[in-house]
Amino acid sequence: MILQVQDVTKRFGGLQALTEVTFDLPEGQILGLIGPNGAGKTTLFNVINGVYAPNRGKVIFRGEDITGLPSYEVARRGMARAHQVVRPLTELTVRENVMVGACFGREGHSLGLAARKADEALAQVGLVERADQPSGNLNVAQKKRLELARALAARPYLLLLDEVLAGLNPSEITPMMETIRSIRDEGITILMIEHVMQAIMSISDRIIVLDYGQLIAAGKPEEVANNPLVIEAYLGDPDMTARLMAE
Amino acid sequence: MKFWRQTGFWLPLVLVFLWGGAVLVLRQDTIRETAFTVLMFMALASSLNILLGYTGYVSFGHIVFFGLGGYTGFYLLSEQGWPLYLAAVGGGALSGLIALLVGLAVLRLRGAYFALATIGINEAARAFVSNFGPFGGATGMFVNFSAYEKYGGAGQALWTTFTFLWITTLVVLVVSYLVKHSRFGLGLQAIREDEDAAMVMGVHAPRAKTITYVISAFFPGIIGTLYFFKNGNVEPGDAFQLHMSIEMLVMVMLGGMGTVLGPMVGATAYQGLRGYLLTSPIFKDLHLAVAGLILLLIILFVPAGAVGWVRGRIPALRKVLE
Amino acid sequence: MFSQLASSLTDGLLLGFVYGVAAMGLTLIWGVMSVINLAHGPVIALGMFATYLMFTLLGVNPYLALVPVAFFGLLMGFVIYGVAVHRVINAPHLSSLLATFAVNMIIIGLGTAIFSTSPQNIDFPLGSLEIGFLTIPVTRLLATAGAVLFTAALYLFLYFTRTGKAVRAVANNRRAAELMGIPSSLVLALSFGLGTMLAAVAGGLIATFFPFTILSGGPYELKSFVICVLGGLGNPLGALLGGLILGGLEGLIPTFMPVSWVPVVEFGLFVLVLLVKPSGLLGAK
């Protein structure tokens, strides 16, 4: 198991954001994390990569207990993350942005080597021809790719993707999904939050469902899609299964 | 892409080197005094820019390091008989040490809270030094004239001080460039844009910020020692002027924050403008108001500063104007 | 010993009310738009001079003069907001800090040219009141009354008028307030004006018992920072409490140590509160 989350509980004041969340993630898989808005998905990411310390429970990454470590320590151990709200370093070029990932990620490269690693990562996400442009000039889809390249350049063992498909139009989603598959095929394990249902159902090896901070279902995509608890969580929409499986 | 092959690295250094060298050759007291003030603000603004421009932390009371370092250096020099060079470095070291201790606590604050805390630290330091016996309390200290003897009399000592300031300014500019173009500096710029995201990418933000704070406090300590040695006395009112602190910010902003050349340009322009306004018969009485008006116009309409503006307009110059 | 302590504490607390008014102006502006107004000190000084000019040139009773001075402060705020602050309201903090500092330079520059920097004072003695062993100058008492009056008026305005509620809504969440149809630019300008109005009034009150120059606002601006942080930045009621704490400290400290240690304690406390409890002594954890 590359990642084990055990009994993780997180409260903000009186708000119970996560309640005893437990799951395992085997190496080399894509695990989808879904749930209605406000279910605690991003909070779970924040606990896993050290932005927040949980009130209770453990996060074990590659056999090491990383609970409560600050996020930069977690990053150096080989966990990278692409954020939902993309905020590139607008003063810097696209390449320099990605170099931050290469310099401070798991391998901690020097500047010179980081530039080469950055170009590799940019090639992988198909952004290499923009390398010398200021990152402020990119459109939404390109910024999402930049965010992905930044995470990849860290050469992580585990990649956390927070809604990288959100805001993309259908013609942009397909190539992005191919990019994600190619990352998995390199041996990088992926945990991803996604609202685009067809996409996550088709790409994930397994799926876990969060609702009101609790894990209500886990399993293969088709099992989860037919789980009555999950259907109920999504506003009790009876047609959802049909829509999900239509692909 | 070694740094010593970059025009952007050499340009500010050559300018300052030639100018300071010319002053030394001309050897006129009035020119030296003007040059001293401009070089001093260049070095101060550049030091501040290492923190402000690269990490985005607004140190509003940065002058505290000029004051504390200057006081310490002055004390070592005039009361303990240290040579100027050592005393100045001692002043810088003390400023750096204080920045280390204060920074560990204060750098947890963000945005305006950090800015306010630095104002508080400066005022607390001023009030403390005014009551601190060994530093002469509210009256401050005066140079023991024998201290000038070592440098061949008071006149020669002023030239020595100027030369030392000139070298310090060159060192600050080198450090500023190297920080900006290092792996460390890349991490700082990531912090400036989005500190939380930078930490998620692996940047050890608390450590990086503290180191930067120490660097940007070290040089003002040296400069403070030189300045007060040149003046022959030091007192709390001169050492901890919040107004001077804000002037440093203004210079960084005028020239363009986050650039190596910007604070240089800003300091020169600001001092030049002030000199003109103070001597001009029309603006003499209104120099502060006119300076304020110009500052306001720049903040409202050219927020990137002079160097930033040119870099934005003419991308070809980006490699030259660092 | 006790009577001396009591009288210096009373002195300090009475002054604290006036500090509180000045600080309330600063904290109101911060609370509504997250701007630290570095022109606060000069506006306080302008309040002093406005009161002084009305008194010496027109012979207006300085306490009655506070009403026109308040309007003048409000107007100043509109102008400063419109000229200097509005364009940088969404820019990084440094921009609004320097923009308001530029206004500070302009006011001080013009003020120095017009009024010079020799000290002025309002010669309007009212004698002292003796209560038991306490001797309190009447000017201080009236200043305190004025401070309380303005605080009460601000409170009533913010909590019981439509416009006041709009100010609080914008302070709470500007975007949500805009979505609900509140014209946020107008509310921001008004809040800024209220902030400078309080500064001008505080200046007018101070001018009735201390001599002043155009530079006199500076120390009160610094005190306002300390007070705002003690009471919690953005919390007007906290500012009044902070003002009383600061005034009380200024009254008490000199009985235990030399007066020159007062600022050491004040600013030390300021930094400490920022570090330990940045939401202020009243604020939630």
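Residue numbers start from 1 in every chain, and the chains themselves are labelled A, B, ... in the order their sequence lines are given, proteins ahead of strands.
- Note on E96(A), R81(A), R106(A), H83(A): by heavy-atom pairs under 4.5 Å with chain B, the leading option is H83(A).
- Just one of V164(A), L161(A), I34(A) meets the side chain to side chain contact (heavy atoms under 4.5 Å, CB included) condition when paired with E194(A); it is V164(A).
- Residue V74(A) does not touch chain B at all, counting heavy-atom pairs closer than 4.5 Å.
- Ranked by heavy-atom pairs shorter than 4.5 Å toward chain B, the options A80(A), A75(A), C103(A) are led by C103(A).
- Contact annotation for R207(B): only side-chain heavy atoms (C-beta onward) come within less than 4.5 Å of a heavy atom of chain A.
- Between H62(B) and F65(B), the angle of the ring planes goes over 60°, which puts this pair in the perpendicular group of the 30/60° scheme.
- Environment of CZ in F184(B): crowded, with over 12 heavy atoms of neighbouring residues, nucleotides or ligands closer than 6.0 Å.
- Using a 4.0 Å cut-off between charged side-chain N and carboxylate O, E120(A) and R116(A) make no salt bridge.
- There is no contact between R77(A) and chain B, counting heavy-atom distances below 4.5 Å.
- With a 4.5 angstrom heavy-atom cutoff, A198(B) does not touch chain A via any of its atoms.
- The ring of F12(A) has its center closer than 6.0 angstrom to the ring center of Y52(A).
- Taking 4.5 Å as the limit, some side-chain heavy atom of F61(A) sits within range of a side-chain heavy atom of I2(A).
- Highest contact tally toward chain A, considering only R192(B), M201(B), H204(B), is held by H204(B) [criterion: heavy-atom pairs under 4.5 Å].
- Contact of L160(A) with chain B is not made at all, since no heavy-atom distance falls under 4.5 Å.
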